[in-house]
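A short write-up of the structure that comes next.
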Amino acid sequence: MDSLAILIVPVLTGALGIYMIVSGNPRLLHSYHYATTPPEKLPALARAEGASMIVLGIAIALICLDRQGVLTIAGVVLLVLGIAFMLGAIVYYNGGLITYSGQAATGVFSSMKPIWRYVVMGLVGAACSLFGIVPGVYMIATGDVGLLHSYHYAHVATADLPLLATAEGSCMIALGIGIFLCMLAGAGMVGGRPFKRWAIALMVFGIVLWLAALVGLIAFIIRFNGSLM
């Protein structure tokens, strides 16, 4: 029964992916992920996102059902590849991860002067990044892994707990910084093509940093705990 319950999320994720591939409809995404995608490329974007969701579904199933770490590693690899491909496809077809012109209503944000977009997105990004940076700093400063689920450190040797806290805390900080960079870069991708090169570069770097931090979070738990759960 537990295994069947766990499979609900990956099965639903995969089913939504299949729907996007078959229908060619990308509207399961937020509108700002396809706002500046040329109409003729919308089906291609939907198929790319659908394939990514199927990969994510498989990855989640492997991670949730595995208890020894072997399939978990494969799941983590698929998870990272799926997320990377999903975000990359949006940037490739839409010209940016977040856009507000073309098919979507321009709205107040799109009509702002660039400097105010950077201020707003910078503040929002900074606020969001605190959800990673604050816990990360706390874990490094205290050596306390209590912010993790107990099954993530149940088999970690007592002497290694501070090391795990430092490793996880560092990844949390990197995760927060990646979010901040992506939000700031998003301000430079509003208003349609062509997008500023610095914004594209910053977005790519932020995504890579975020994905690397996610891999680190999971990998360090497996390294010290022997398995993810």
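Predicted model, so just to flag it, every value in this text is computed and none were measured.
Here the closest heavy-atom approach between residue A185 and residue A199 is recorded as CB-O, 3.3 Å. A46 approaches P26 most closely through the heavy-atom pair CB-N, 3.7 Å. Of all the heavy atoms in F85 and A48, the pair that sits closest is CE2-O, 3.6 Å. Residue A84 comes nearest to L211 through the heavy atom pair CB-CD1, 3.6 Å, listed as atom of the first residue, atom of the second, then distance. Nearest heavy-atom pair, G75 versus A59, reported as atom, atom and distance to 0.1 Å: O-CB, 3.2 Å. Annotation for C182 and G206: closest pair SG-C, 3.6 Å, computed over non-hydrogen atoms.
Residues I173 and V137 are in side-chain contact: their nearest non-hydrogen atoms beyond the backbone lie under 4.5 Å apart. Contact annotation: the side chain of V55 never approaches that of L79 to less than 4.5 Å [non-hydrogen atoms, C-beta and beyond]. In this structure the side chain of M20 never reaches within 4.5 angstrom of the side chain of N25, judged on heavy atoms.
Both I207 and I179 are part of a single hydrophobic cluster, where members link through side-chain heavy atoms under 4.5 Å apart. Residues I58 and I18 share a hydrophobic cluster, clusters being chains of Ile/Leu/Val/Met/Phe/Trp/Tyr side chains in contact below 4.5 Å. A chain of hydrophobic side-chain contacts below 4.5 Å, direct or via other Ile, Leu, Val, Met, Phe, Trp or Tyr residues, connects L175 to V124. Neither F220 nor I177 shares a network with the other; the hydrophobic side chains, linked directly or stepwise wherever heavy atoms of I, L, V, M, F, W or Y lie under 4.5 Å apart, form separate groups for each. Under the 4.5 Å side-chain contact rule for hydrophobic residues, M183 and V91 share a cluster.
A distance of 15.5 Å separates CZ of F205 from CH2 of W210, quoted to the nearest 0.5 Å. The CE atom of M172 sits 10.5 Å away from atom CD1 of I140, with the distance rounded to the nearest 0.5 Å. If you take CG on L42 and CG on L29, they are separated by 10.0 Å, rounding to the nearest 0.5 Å. To the nearest 0.5 Å, atoms CD1 (I133) and CZ (F180) are separated by 8.5 Å. Atom-to-atom distance recorded for M203:CE and I200:CD1 is 9.5 Å, nearest 0.5 angstrom. For the atom pair L163 CG and R223 CZ, the distance stands at 9.0 Å (nearest 0.5 Å).
Put simply, the side chain of N94 gets close to the backbone of A35: a donor and an acceptor are under 3.5 Å apart.
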Checklist entry - Taking it one step at a time, do L148 and M139 satisfy side-chain contact (heavy atoms from CB on, under 4.5 Å)? => result CA-CA 10 Å; L148 302 175; M139 293 177 72; 4.1 Å; yes
Item to check | Verdict with reasoning, I90 to E49, per side-chain contact (heavy atoms from CB on, under 4.5 Å) | outcome: CA-CA 8 Å; I90 291 173; E49 297 303 289; 3.6 Å; yes
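Legend: side-chain hydrogen bond (donor to acceptor under 3.5 Å, both in side chains) pairs involving residues 82-91, not counting sequence neighbours: none detected. Counting only residues at least two apart or in different chains, side-chain hydrogen bond (donor to acceptor under 3.5 Å, both in side chains) contacts with residues 151-172 are absent.
For D144, the side chain to side chain donor-acceptor pair (under 3.5 Å) partners are Y138, not counting sequence neighbours.
Here the options are L16, L81, T13, the test is side chain to side chain contact (heavy atoms under 4.5 Å, CB included), and the partner is L56; only T13 passes.
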